[in-house]
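The structure under discussion appears below in the form of structure tokens.
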Amino acid sequence: MPELPEVETVRRGLQPVMEGAKILVAEARRPDLRFPFQPDFVARLKGQVVTGLGRRAKYLMADLGSGDVLLMHLGMSGSFRVIKPDNEAAPGEFHYPKGKDSAHDHVLFRMSSGADIVFNDPRRFGYMKVIARNALEDEPLLRGLGPEPLGNEFDAAMLARSCEGKTTSLKAALLDQRVVAGLGNIYVCEALHRSHLSPRRIAATLSTKKGEPTDHAKRLVGAIHTVLNDAIKAGGSSLRDHRQTSGELGYFQHSFKVYDREGEKCTTPRCGGTVKRITQNGRSTFWCPKCQK
DNA sequence: AGCTGGACCTGGACGC
DNA sequence: TGCGTCCAGGTCCAGC
């Protein structure tokens, strides 16, 4: 599920049951997700109080009382659900209704807040890692991350600067987490449509020869802001029945203008174009060639 | 150095 | 029904 708005929605769902609560039990039900779990993964979690739950780009970060940080990424198909523990179960055991994809419930936490938290990830592109807080800046997974798209430092000037000299497409540049961290395939397509910019445009065209941001860059940053904020307000997007931690569906998918709308009429007033799908860098791009230039 | 394409996984939708 | 193909919200890494 997870681009920035979905990860932020997950964070808000987990925060009430995680923050200030102790991890009574932690369990990893397989040796690896995308990477092997660290040998001391469970040991470093058990008994720790979660002092805060934050987000950086598409990562969730749980601060622990020990000074460690639990880093979590949802990959393509990761999700969390919050369930009530079964009081009949032994204290260290997780008993809960099994669904058809329970086989992909890979990580479980029992919190002192009275919640069990289950991480499910069929494709296992997600991962979790415990890092000492004072070593965060050396963490390779976080190293080259660009600015938060909703943060103060991300503006047209900064976007133009980081796209300077880039010969790749605008689509590919915006998906590059070093340029801006948190966008994915959906919100890049949506932001480009809302700013009427072609996904095939060369990224370097966001700046003038003097290195000043063009109006295009300003429009694009504005569109990124609005589409992300609107999506967060809607609880993210629910594709293929992906759910929030509470089991509720986000509803921003109903607001997609182009993503997964190939063949539909463009919604831009007086455009009259049709949404097309092309492949760029191996991934689908949805856009309207008529109003995106 | 920057960029592209393949690899990593599983499951759902579709066509025959 | 079953089998094959294609596609999916991400990102790392090799190779050009």
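Both backbone and side-chain heavy atoms feed into the values below; hydrogens, waters and symmetry mates do not. From a predicted model like this one, the values you see are computed outputs, not experimental measurements. By convention in this document, chain letters (A, B, ...) are assigned in the order of the sequence lines, proteins followed by strands, and residues within each chain are numbered from 1.
OP1 or OP2 of C:dA8 has at least one side-chain nitrogen or oxygen of A:Arg277 nearer than 4.0 Å. Using a 4.0 Å cut-off, some side-chain N or O of A:Tyr127 falls inside it from OP1 or OP2 of C:dC12. Residue A:Lys58 has no polar side-chain atom (N or O) positioned under 4.0 Å from OP1 or OP2 of C:dG9. Regarding contacts with the backbone of B:dC3, a side-chain N or O of A:Thr167 is found under 4.0 angstrom from either OP1 or OP2. The phosphate of B:dC8 (OP1 or OP2) has no side-chain N or O of A:Arg124 nearer than 4.0 angstrom. Close to B:dC9, at under 4.0 Å from its OP1 or OP2, lies no side-chain N or O of A:His104. Between A:Arg34 and B:dA7 there is no side-chain polar atom (N or O) within less than 4.0 angstrom of OP1 or OP2. The phosphate of C:dG9 has neither OP1 nor OP2 within less than 4.0 Å of any side-chain N or O from A:Tyr187. Checking the phosphate oxygens (OP1, OP2) of B:dG2, no side-chain nitrogen or oxygen of A:Lys166 falls inside 4.0 Å. Taking 4.0 angstrom as the limit, A:Arg178 places none of its side-chain polar atoms (N or O) nearer than this to OP1 or OP2 of C:dT11. Between B:dT4 and A:Thr168, a contact under 4.0 Å exists linking OP1 or OP2 to a side-chain N or O. Between A:Gln177 and C:dG10 there is no side-chain polar atom (N or O) within less than 4.0 angstrom of OP1 or OP2.
Looking at heavy-atom distances under 4.0 Å, A:Gly282 makes no contact with the nucleic acid at all.
Rounded to an integer number of Å, the gap from CG of A:Asn185 to P of C:dT11 is 11 Å. Counting to the nearest Å, the P atom of C:dC6 and the CZ atom of A:Arg283 are 19 Å from each other. Here B:dA7 presents its P atom at 16 Å from CG of A:Asn281, a figure rounded to the nearest Å. The CD atom of A:Gln280 sits 13 Å away from the P atom of C:dG9 (whole-angstrom rounding). Nucleotide C:dG9 holds its P atom 21 Å from the CZ atom of A:Phe80, rounded to whole Å. Here B:dC14 presents its P atom at 14 Å from CD of A:Glu262, a figure rounded to the nearest Å. A:Asp121 places its CG atom 11 Å from the C1' atom of C:dG10, with the value rounded to the nearest Å.
For the pair A:Val258/A:Arg194, no side-chain contact is recorded, criterion being any heavy-atom separation below 4.5 Å from C-beta on. Residues A:Ile131 and A:Leu136 have side chains in contact (heavy-atom distance under 4.5 Å, counting atoms from C-beta outward). Side-chain contact between A:Trp287 and A:Tyr259: absent, with no pair of heavy atoms (C-beta onward) separated by less than 4.5 Å.
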Does the pair A:Asp121 and A:Arg124 meet the rule for a salt bridge (charged side-chain N to carboxylate O under 4.0 Å, His left out), with working shown? CA-CA 5 Å; A:Asp121 186 5; A:Arg124 301 202 304 277; over 6 Å; no

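Within 3.5 Å, a donor on the side chain of A:Arg123 pairs with an acceptor on the base of B:dC9, or the reverse.
The side chain of A:Tyr259 has C:dA8 as its nearest neighbour among C:dC12, B:dT4, C:dA8.
When the shell of 6.0 Å around CZ of A:Arg56 is examined, it contains more than 12 heavy atoms from other residues, nucleotides or ligands.
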DNA chain C base-pair string [pairs: Watson-Crick or G-U under 3.5 Å; |: paired with another strand]: .|||||||.|||||||

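At a threshold of 4.0 Å, the pair A:Glu139-A:Lys129 counts as salt-bridged, since one of the basic side-chain nitrogens sits closer than that to a carboxylate oxygen.
Here side-chain hydrogen bond (donor to acceptor under 3.5 Å, both in side chains) pairs that include residues 157-167 of chain A, with residues two or more places apart or in two chains, number zero.
Ring-to-base geometry places A:Phe125 in a stacked arrangement with B:dC8 (centre distance under 5.5 Å, plane angle under 30°).
Each of A:Ser284 and A:Tyr59 has a nearest nucleotide on DNA chain C; the 5'-most of these lies closest to A:Ser284.
Not counting sequence neighbours, the partners of A:His196 by the side chain to side chain contact (heavy atoms under 4.5 Å, CB included) test are A:Arg219, A:Thr268, A:Cys291.
A cation-pi contact, defined as under 6.0 Å to the ring centre and within 45° of the axis, links A:Lys98 to A:Tyr96.
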